[in-house]
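Heads up: the structure comes next, in structure tokens.
Naming: A, B, ... by sequence-line order, numbering from 1 per chain.
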Protein chains: 2
Amino acid sequence: MTTRRDAVHDTLRRSEGFRSAQDVYAEMRLHGAKIGLTTVYRALQALADCGQVDVLRTDEGESVYRACASDDHHHHLVCRRCGHTVEVAGPAVERWAEAVGSDHGFTEITHTVEVFGTCSSCSAPARVG
Amino acid sequence: MTTRRDAVHDTLRRSEGFRSAQDVYAEMRLHGAKIGLTTVYRALQALADCGQVDVLRTDEGESVYRACASDDHHHHLVCRRCGHTVEVAGPAVERWAEAVGSDHGFTEITHTVEVFGTCSSCSAPARVG
DNA sequence: GGAGATTTTGACAATCATTTTCATTTTCTC
DNA sequence: GAGAAAATGAAAATGATTGTCAAAATCTCC
């Protein structure tokens, strides 16, 4: 039974940036979906576990999810204003992380890399008057 | 008045890896310090605000702090087992992040980069028998 | 088609790090 | 010292997330 999970996945796919569980829940309820918050959390976790969605932690400690287009390992360039997200590859970074780790005798190296900025739309000067 | 803050900072400096506020608080109390949890939180935040300690978020959403040797921008190679931490520079990564951002029209670019692994001590085969 | 087993769901309570509140204490400032 | 301003901390509040458990949905085998 994946109806609920699919519904959650769909909601996420319709979103542009990263969304929190509470966001997803609110949006689904808004559109009339009959689903509980607990189920949204479980679906999101399940999706994250099987790699179908990416997870990030906000500065406030909230987990946010995104249904990314790319299945491959990639990173995110996220607008800190509107949340607009671009998936980016960074082979150089992958190699760097691996090298840094093994240089220091570390094994089973993983890394987290996220880039934040203000996207062009958001950095456009606010209309005055 | 910075007595408390200094005490917190000192405790952190004596630690090898990243420590949570609760950790720091427990350790200080253990050593007889008379300080409240609230104050530890406040001191840690203040130290982080003025860049005297680095902050990370664990997978569990806990904030962990570290008094780093380097004042300059740097990243961390953290042992996921024992927490042993190495401060590493990554000029190539800085440039990459900047380039990725501006390529997509983003400004005011920041980034988070952390590398995790198992350090040599921890990956040594466990003694059997 | 149906009985019973299994899984999923979701309302509610519990957890837990962190933050607020607010009265008390400490530390200036003059 | 007196009074103002800042720091402290105990306890309550917050808020995301997780656990509980009974009800509902679904599957399985006859």
Should R14(B) and E27(B) count as an ion pair when the cut-off is N to O under 4.0 Å? no
Which distance, rounded to the nearest 0.5 Å, do you find between the CE of M28(A) and the OG1 of T39(A)? 9.5 Å
Of all the choices, dG9(D), dT17(D), dT9(C), which nucleotide is nearest to the side chain of T39(B) once you look at every atom? dG9(D)
Polar pairs (N or O, both sides) under 3.5 Å between protein and nucleotides 18-23 of chain D?
from, atom 1, to, atom 2, distance (Å)
dT18(D), OP1, Q45(A), NE2, 3.2
dT18(D), OP2, Q45(A), NE2, 2.8
dG19(D), O6, T38(A), OG1, 3.4

For residues 94-103 of chain B, tabulate all N or O donor-acceptor pairs below 3.5 Å that involve a side-chain atom, not counting sequence neighbours.
from, atom 1, to, atom 2, distance (Å)
E94(B), OE1, H73(B), NE2, 2.9
E94(B), OE1, H111(B), NE2, 2.8
E94(B), OE2, H73(B), NE2, 3.3
E94(B), OE2, H75(B), NE2, 2.9
S102(B), OG, E98(B), O, 3.0
S102(B), OG, A99(B), O, 3.3

Separation of dT9(C) P from K34(A) NZ (nearest whole Å): 11 Å
May I have the distance from R5(B) (atom CZ) to dA6(D) (atom P), rounded to whole angstrom? 14 Å
Spacing of L12(B) atom CG and Q52(B) atom CD [to the nearest 0.5 Å]: 11.0 Å
Test: E87(A) and R66(A) ion pair at under 4.0 Å: yes
Figure out the CD/C1' separation between E60(B) and dA17(C), and round it to whole Å. 12 Å
So S63(B), base contact, sugar-phosphate only, or nothing? Heavy-atom distance under 4.0 Å. sugar-phosphate
Please give, in whole Å, the distance from dT17(D) P to R57(B) CZ? 11 Å
Rounded distance in Å - CG (D49(B)) to P (dT19(C)): 11 Å
To the nearest 0.5 Å, how far apart are NE2 in H9(A) and CG in L44(A)? 10.0 Å
Once you round it to whole Å, what is the distance between P of dA10(D) and CD1 of I35(B)? 10 Å
Near DNA chain D, which residues from residues 26-33 of chain A have a heavy atom under 4.0 Å away? none
In whole Å, I'd like the distance from the CZ atom of R19(B) to the C1' atom of dT18(C). 18 Å
Starting from I109(A), can I reach V93(A) by hopping between I/L/V/M/F/W/Y residues whose side chains sit under 4.5 Å apart? yes
Nearest-0.5 Å distance, NE2 of residue H84(B) to NE2 of residue H76(B): 12.0 Å
Measuring from the side chain of R4(B) (C-beta onward, heavy atoms only), which nucleotide among dT18(C), dG9(D), dG10(C) has the closest atom? dG9(D)
Nearest-Å distance for atom pair OH/C1', residues Y25(A) and dC12(C): 12 Å
What distance do T85(B) atom OG1 and D54(B) atom CG have between them, rounded to the nearest 0.5 Å? 10.0 Å
